[in-house]
Structures are given as structure tokens and as C-alpha cells.
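Accompanying notes for the structure given below.
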Amino acid sequence: YYQDDGPEDSPPEDLASIPDAEPQVERLNPFANRPYTALGQTYTPMQELKPYSKEGRASWYGKKFHGKRTSSGDIYDMYRMTAAHPTLPIPSYARVTNLANNQTVVVRINDRGPFHRERLIDLSYTAAWKLGYINQGSASVLVESIVPEEIELVKQIGKDKPRPSKTTAVATATPSTAATTGPTPQADAKPDSGVYL
């Protein structure tokens, strides 16, 4: 495991029963979505909820960060369905598919990272467990954002059914509708968090 991270000595036995994150429209956090620098690289988070689809490498982070504050201001819980991404809006929701086994989960983006150039997304321990790559440490995945017009469809047809079209209008967040509390991403940035091989 990377440094002193990894699963707890006695993780819950019912991880399979933990539900995926339930997508909903939330006001964007203006602090967590400001440009920031981590490990010498500058990142510019997306300022609106819009279609996003990209393949890359997923890692995961566990007990080392369990109970610590995320970039959104939430407390990280390794047994919830959450994830860290360098630029997707906070908070937002994404569908993550393990390309090796086609397992899919829905997670809430509430943190920044990973800042390793070869990693696309950092999943919570439970999300990575459900995707089947806990022991491997990382996996090739497809990350797809869930935009507001999809949310009702996701609730109706489920995460594994055909995806709706992503060509409709997207919702944006403005200072008048965005949350006004939360730490800056750079204050909570995790250097190369997750489990790497």
C-alpha cells in the first residue's frame, strides 16, 4: 500500500449493501472550484455541470484520510460512495465503470486529487471495492459526469441501463446560488493520495 494507507483492520462485512451515491442537483462550492496548484501543477476546475467522459486510471484512498476534511468541507468517510477528481465540479456526481469487468458505481465528487499524473480519479475504499480493484490498487476506468437533466433518468432507469443523450443544456452555478462555505482545494490537497502499484 502507498505509505500507511489501506483498509482498516476490520472493515464492515456488508460493503456490498452500501448504496451508490444518489445524484441530485446541488449548489456548487465557490471555494472548492477555484483554480489551485498542487505539487507544482495548476488545475482549473470546471465552473459548471456539463458533460464529461474520459478514460484513465483510478486509484483509491482509505484509512490514512478517513475522518479528515475534504476540499468540499465534508469529512471523508471511506465507507461512503465518494471520489476525488482534479477538475470535476464540487459537488457533482459521476458514473465510474471498471473497464476490466464492466462493474459500475455512482459516486459523489467531494474532494480534489489524485495529483499523480498517471491517475484520473481517486475513489473511496468502498467504491473501489465495489468495482473490484481493491487488491490491484488501481484500474482502468471510464468516468462520466451525471448532469442535471440526467438525474431523474438515473433514478428511473438505474445506473446500468442505456445512458441518456448528453446534448441538452447544462446547468451553471453563480455566486448567488453557490454555497458560501468550505475550504480552498489547495488547503486540503492530498499529495498522491490513494493506493498505487
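Counting begins at 1 with the first residue of the sequence.
- Ring pair Tyr43/Tyr36 is parallel by interplanar angle, where below 30° counts as parallel and above 60° as perpendicular.
- Distance CG/Leu49 to CD/Glu150: 11.0 Å, rounded to 0.5 Å.
- Formation of a donor-acceptor pair under 3.5 Å by the Thr37 side chain with backbone atoms of Gly40 is not found in this model.
- When each of Lys68, Arg108, Arg80, Arg69 is checked for a salt bridge (Lys or Arg N to Asp or Glu O under 4.0 Å) with Asp74, only Arg108 meets the rule.
- Looking at every heavy atom in both residues, Lys50 comes nearest to Ser145 through O-OG, 2.9 Å.
- For Glu13, the side chain to side chain contact (heavy atoms under 4.5 Å, CB included) criterion is met by no residue, not counting sequence neighbours.
- Judged by distance alone, with hydrogens and angles left aside, the side-chain atoms of Asn29 form a donor-acceptor pair with the main-chain N or O of Ala32 at under 3.5 Å.
- Checking His85 against Tyr52 by side-chain atom types alone, a donor-acceptor pair falls below 3.5 Å.
- Atom-to-atom distance recorded for Leu120:CG and Glu118:CD is 12.5 Å, nearest 0.5 angstrom.
- When side chains are defined from C-beta on, Lys54 does not count as touching Glu144, because their heavy atoms never get closer than 4.5 Å.
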| query | ring-ring contact (aromatic ring centres under 6.0 Å, His included) between Tyr61 and His66: does it pass, once the steps are laid out? | reply | CA-CA 9 Å; Tyr61 58 128; His66 187 66; over 10 Å; no

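- No side-chain heavy atom of Pro86 sits less than 4.5 Å from a side-chain heavy atom of Arg112.
- Counting only N and O atoms by type, the side chains of Ser72 and Thr70 include a donor and acceptor under 3.5 Å apart.
- The shortest side-chain heavy-atom distance between Leu142 and Glu55 falls under the 4.5 Å cut-off.
- Atom OG of Ser71 and atom CG of Asn33 lie 9.5 Å apart (nearest 0.5 Å).
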| task | Quick one: do Thr126 and Met78 satisfy side chain to side chain contact (heavy atoms under 4.5 Å, CB included)? Show the steps, please. | result | CA-CA 6 Å; Thr126 297; Met78 62 191 286; 5.9 Å; no

| request: Walk me through it: do Tyr76 and Phe65 pass the test ring-ring contact (aromatic ring centres under 6.0 Å, His included)? | output: CA-CA 7 Å; Tyr76 174 61; Phe65 300 95; 7.2 Å; no

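- Checked against ring-ring contact (aromatic ring centres under 6.0 Å, His included), Tyr93 has no partners two or more places apart in sequence or in another chain.
- Residues Leu15 and Trp60 fall within the same hydrophobic cluster, defined by Ile, Leu, Val, Met, Phe, Trp and Tyr side chains chained together at heavy-atom separations under 4.5 Å.
- Side-chain contact check for Ser59 and Asp122: at least one donor-acceptor pair (N or O, by modelled atom type) lies under 3.5 Å.
- The side-chain heavy atoms of Thr97 and Val141, taken from C-beta on, include no pair separated by under 4.5 Å.
- Side chains of Thr104 and Arg95 form a contact here, defined as non-hydrogen atoms less than 4.5 Å apart.
- In this structure, CD on Gln103 lies 10.0 Å from CH2 on Trp129, to the nearest 0.5 angstrom.
- Here the CD1-OG distance, from Ile18 to Ser124, works out to 8.0 Å after rounding to the nearest 0.5 Å.
- Between the Asn101 side chain and the Leu131 main chain, a donor and an acceptor come within less than 3.5 Å of each other.
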| message | With side chain to side chain contact (heavy atoms under 4.5 Å, CB included) as the criterion, how do Leu28 and Ile90 come out once you've worked through the C-alpha distance, each side chain's angles and the decisive distance to 0.1 Å? | response | CA-CA 6 Å; Leu28 300 188; Ile90 289 179; over 6 Å; no

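- Asn98 places none of its side-chain heavy atoms less than 4.5 Å from the side chain of Val105.
- Between the Glu22 side chain and the Asp20 main chain, no donor and acceptor come within less than 3.5 Å of each other.
- Annotation for Arg119 and Pro114: closest pair CB-CG, 3.3 Å, computed over non-hydrogen atoms.
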| Pair Thr82-Val107, side chain to side chain contact (heavy atoms under 4.5 Å, CB included): steps then yes or no | CA-CA 5 Å; Thr82 61; Val107 294; 5.6 Å; no

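- Between Pro23 and Val106, the closest side-chain pair of non-hydrogen atoms falls below 4.5 Å.
- Atom-to-atom distance recorded for Met81:CE and Asn110:CG is 12.0 Å, nearest 0.5 angstrom.
- Take Thr44 and apply the side chain to side chain contact (heavy atoms under 4.5 Å, CB included) test, not counting sequence neighbours, and it matches Pro35.
- Using a 4.5 Å cut-off on side-chain heavy atoms (C-beta onward), Val143 and Ser53 make no contact.
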